[in-house]
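Let me begin by presenting the structure, written as structure tokens, before commenting on it.
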Amino acid sequence: QKSIVNSLSVNEDDVVVSGGDNGSLYFWDYKSGHNFQQAAPKVQPGSMESEAGIFASTFDRTGTRLITVEADKTIKMWKEDEDATPETHPNLEFHPPKDVRRY
């Protein structure tokens, strides 16, 4: 993530979502650390671009819908696209880190 991270959420399928100060959402695989999707929601009409931040996020009880609280005073609910295929929504390439230190 290339901004200050304001929120982290994880569901039972080991999907981690990080919400940034610039309004970006990054979706990660918890086990591998692979960032497989990115999103940048649009701000509410009438809001300034500086109000694009994501303050909080959580998954609902089923773990399939993501709820975000944003700086433009909106609450957004996201759900998985059931019609998505690898052809219509390709994943970002995975490059494992080379210099990983374990403490």
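These figures come from a predicted structure and were not determined experimentally.
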How long is the gap from [atom1] on [X] to [atom2] on [Y], to the nearest 0.5 Å?
X: Thr62; Y: Lys79; atom1: OG1; atom2: NZ; value: 11.5 Å
X: Ser57; Y: Lys76; atom1: OG; atom2: NZ; value: 13.5 Å
X: Ile67; Y: Asp60; atom1: CD1; atom2: CG; value: 5.5 Å
X: Ser18; Y: Asn35; atom1: OG; atom2: CG; value: 7.5 Å
X: Thr58; Y: Leu8; atom1: OG1; atom2: CG; value: 11.5 Å
X: Phe55; Y: Ile75; atom1: CZ; atom2: CD1; value: 12.5 Å

Determine, using the 4.5 Å side-chain heavy-atom cutoff (strictly less than), whether [X] and [Y] are members of one ILVMFWY cluster.
X: Val17; Y: Trp78; value: yes
X: Val10; Y: Trp28; value: yes
X: Val69; Y: Val16; value: no

Steps toward side chain to side chain contact (heavy atoms under 4.5 Å, CB included) verdict (Phe27, Leu66):
CA-CA 11 Å; Phe27 296 82; Leu66 176 70; 4.2 Å; yes
Would the distance check show the side chain of [X] and the main-chain N or O of [Y] forming a donor-acceptor pair, the cut-off being under 3.5 Å?
X: Asp21; Y: Gly23; value: no
X: Ser9; Y: Phe59; value: no
X: Asn6; Y: Gly19; value: no
X: Asp13; Y: Val15; value: no

Going by side-chain heavy atoms closer than 4.5 Å, which hydrophobic residues are tied to Ile4, directly or by a chain of links?
none
Taking all non-hydrogen atoms of both residues into account, name the closest pair between Asn11 and Gly63 and its distance.
ND2-O, 2.9 Å
Are any of the side-chain heavy atoms of Tyr26 and Val5 separated by less than 4.5 Å?
no
Partners meeting side-chain contact (heavy atoms from CB on, under 4.5 Å) with Lys31 (sequence neighbours left out):
Asp14, Asp29
